[in-house]
Amino acid sequence: MCSRPRKQTESRIYHLISRGVDHCVIYRDRSDRIHFLQLLKDLSVEFGVAVNAWCLMDNHYHILATSEIDVIAKMMRRLNAAYALYFNTKYERDGHLFQGRFKSVPVESDEQFLTVLRYIHQNPEKAGICRTSDYPWSSYKSYLRGGGLASTAFALSLFSSLESFVAFHANLEQGEESGEKEMALAREALGGIDPRDIASLDRKRRSDALRVLKRTRLTVRQIEKMTGISRSTMTRA
């Protein structure tokens with residue numbers, strides 16, 4: 001029986017999830033996680049797939065990746081097969097390690113990308129394991145310190161500062177903040193000025209207001225939407 005074709009998106013960005021069969025543990029110790037990450041690093045280079053984010057839980061993992069879906073599918077099949085062989089050999093077990101084929105969810109906008117990015121990094125905190133910033137087996141710290149497996153440039157370009165990236169991840173609400181909450185936060189930061197009026201200000205006052213907004217936890221995309229001012233103009237402020 002043929003598998004259903006995977007849904008594609010023009011963004012070429014996908015949220016990938018793979019779980020242990022019958023929810024079994026797929027990482028038993030630190031060395032298992034290190035081995036998996038080395039496989040992921042090697043294969044992502046081989047296939048030219050950008051890994052934007054990742055998180056390893058006990059019985060499943062999440063990856064946010066950018067490439068054509070057929071290329072990602074080949075990489076994922078190699079990744080799961082190679083890791084299953086390693087795991088079964090090490091622990092003298094037989095049979096499948098992963099439950100069916102991996103799940104792929106197309107990411108079709110910047111807003112959805114940020115929601116998925118945060119969801120992946122917050123997995124340990126929402127599971128009651130530890131704070132997002134304390135978990136050692138995700139790409140969160142790569143965003144703060146640089147280096148590591150994750151390609152962070154695109155995601156960080158959507159934030160006005162590293163502080164706004166941290167503040168965004170501190171919010172445990174599901175999904176993006178509502179437009180009303182964004183506006184209220186912006187008005188408070190601006191001392192009551194409506195963000196929609198910033199574009200009509202003179203250049204100096206407009207730049208000053210944009211710098212204030214960029215110091216909040218609002219993302220570049222949120223500021224762009226509420227002010228109508230382009231990202232390139234914001235970067236010059």
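Predicted model, so just to flag it, every value in this text is computed and none were measured.
- Rounded to the nearest 0.5 Å, atoms CG (Leu16) and NE2 (His62) are 10.5 Å apart.
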Does the side-chain contact (heavy atoms from CB on, under 4.5 Å) test come out yes or no for Trp54 and Leu37, once each step is laid out?
CA-CA 9 Å; Trp54 56 269; Leu37 291 174; 3.7 Å; yes
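- Taking the ring centroids of Tyr143 and His169, they lie at or beyond the 6.0 Å cut-off.
- Within a 6.0 Å sphere centred on CZ of Arg28, heavy atoms belonging to other residues, nucleotides or ligands number more than 12.
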Residue pair Ile34, Gln38: steps toward the side-chain contact (heavy atoms from CB on, under 4.5 Å) verdict:
CA-CA 6 Å; Ile34 291 173; Gln38 187 62 55; 5.5 Å; no
From CA spacing to verdict: side-chain contact (heavy atoms from CB on, under 4.5 Å), Tyr135, Asn123
CA-CA 10 Å; Tyr135 193 64; Asn123 249 236; over 6 Å; no
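- The side-chain heavy atoms of Leu117 and His15, taken from C-beta on, include no pair separated by under 4.5 Å.
- Looking at Asp32, its side chain never comes within 3.5 Å of a backbone N or O of Ile26 through a donor-acceptor pair.
- In this structure the side chain of Glu111 reaches within 4.5 angstrom of the side chain of Lys225, judged on heavy atoms.
- The distance from the OG atom of Ser109 to the CD1 atom of Ile13 is 9.5 Å, given to the nearest 0.5 Å.
- Put simply, the side chain of Arg93 gets close to the backbone of His96: a donor and an acceptor are under 3.5 Å apart.
- Judged by distance alone, with hydrogens and angles left aside, the side-chain atoms of Gln222 form no donor-acceptor pair with the main-chain N or O of Leu218 at under 3.5 Å.
- Side-chain atoms of Ser138 never come within 3.5 Å of backbone atoms of His121 as a donor-acceptor pair (strictly under, hydrogens ignored).
- Checked for salt-bridge contact, Asp202 and Lys204 miss the test: no charged N lies under 4.0 Å from a carboxylate O.
- Grouping the Ile, Leu, Val, Met, Phe, Trp and Tyr side chains by contacts below 4.5 angstrom, directly or via other members, places Ile120 apart from Leu149.
- Taking hydrophobic clusters as Ile, Leu, Val, Met, Phe, Trp and Tyr residues chained together by side-chain heavy-atom distances below 4.5 Å, Leu156 shares a cluster with Leu158.
- Here Phe168 and Phe165 keep their ring centres 6.0 angstrom or further from each other.
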Does the salt bridge (charged side-chain N to carboxylate O under 4.0 Å, His left out) test come out yes or no for Arg211 and Asp208, once each step is laid out?
CA-CA 5 Å; Arg211 281 194 288 270; Asp208 289 344; 2.4 Å; yes
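- Residue Lys90 places its NZ atom among more than 12 non-hydrogen atoms of other residues, nucleotides or ligands, all under 6.0 Å distant.
- Using a 4.5 Å cut-off on side-chain heavy atoms (C-beta onward), Leu213 and Ile198 make contact.
- Side-chain contact between Met57 and Trp137 is absent, with no heavy atoms from C-beta onward closer than 4.5 Å.
- Atom OG1 of residue Thr66 and atom CD1 of residue Ile72 lie 7.0 Å apart, to the nearest 0.5 angstrom.
- Hydrophobic clustering places Phe113 together with Val166 (ILVMFWY residues linked when any side-chain heavy atoms are closer than 4.5 Å, directly or through intermediates).
- Using a 4.5 Å cut-off on side-chain heavy atoms (C-beta onward), Arg78 and Lys74 make no contact.
- Using a distance-only test at 3.5 Å, with no hydrogens or angles considered, no donor-acceptor pair links the side chain of Ser151 to the main chain of Asn52.
- Taken from CZ in Phe36 to CZ in Phe87, the straight-line distance is 12.0 Å, to the nearest 0.5 Å.
- No continuous path of hydrophobic side-chain contacts links Val25 to Tyr91 [ILVMFWY only; heavy atoms under 4.5 Å].
- For Ser164 (side chain) and Phe159 (main-chain N/O), no donor-acceptor pair under 3.5 Å exists by modelled atom type.
- Of the inter-residue distances, the one linking Arg77 atom CZ with Phe98 atom CZ reads 14.5 Å to the nearest 0.5 angstrom.
- Side-chain contact check for Pro106 versus Gln8: every heavy-atom pair is 4.5 Å or farther apart.
- Using modelled atom types and a 3.5 Å distance limit, the side chains of Thr132 and Glu125 yield a donor-acceptor pair.
- Side-chain heavy atoms closer than 4.5 Å link hydrophobic residues (I, L, V, M, F, W, Y) into clusters, and following such links, possibly through other members, connects Leu43 to Leu40.
- In this structure, Leu85 and Thr89 approach most closely via the heavy-atom pair O-OG1, 2.7 Å.
- Contact of the Tyr61 side chain with the Leu79 side chain is registered, since non-hydrogen atoms from C-beta on lie closer than 4.5 Å.
- A donor-acceptor pair under 3.5 Å links the side-chain atoms of Ser160 to the main chain of Lys214, judged by distance alone.
- Smallest separation of non-hydrogen atoms from Ala150 and Ser142: CB-CB, 4.4 Å.
- Taking all atoms of both residues into account, the shortest heavy-atom contact from Arg187 to Pro195 is CG-CD, 3.8 Å.
- Proximity of Met183 to Arg196: side-chain heavy atoms (C-beta onward) are separated by under 4.5 Å at one or more points.
- A cation-pi arrangement is present between Arg6 and Phe102 under the rule of less than 6.0 angstrom and at most 45 degrees off the ring axis.
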Might you work through the side-chain contact (heavy atoms from CB on, under 4.5 Å) test for Leu39 and His35, ending with a clear yes or no?
CA-CA 6 Å; Leu39 285 171; His35 185 80; 3.7 Å; yes
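- To the nearest 0.5 Å, the span separating CE on Met75 from CD on Glu46 amounts to 10.5 Å.
- By the 6.0 Å contact criterion, CZ on Arg131 is open, its count of non-hydrogen atoms from other residues, nucleotides or ligands being 12 or less.
- Asn80 and Ser18 share a donor-acceptor pair across their side chains, judged by distance under 3.5 Å alone.
- The pair Asp134-Lys141 does not meet the salt-bridge criterion, since no charged nitrogen lies less than 4.0 angstrom from a carboxylate oxygen.
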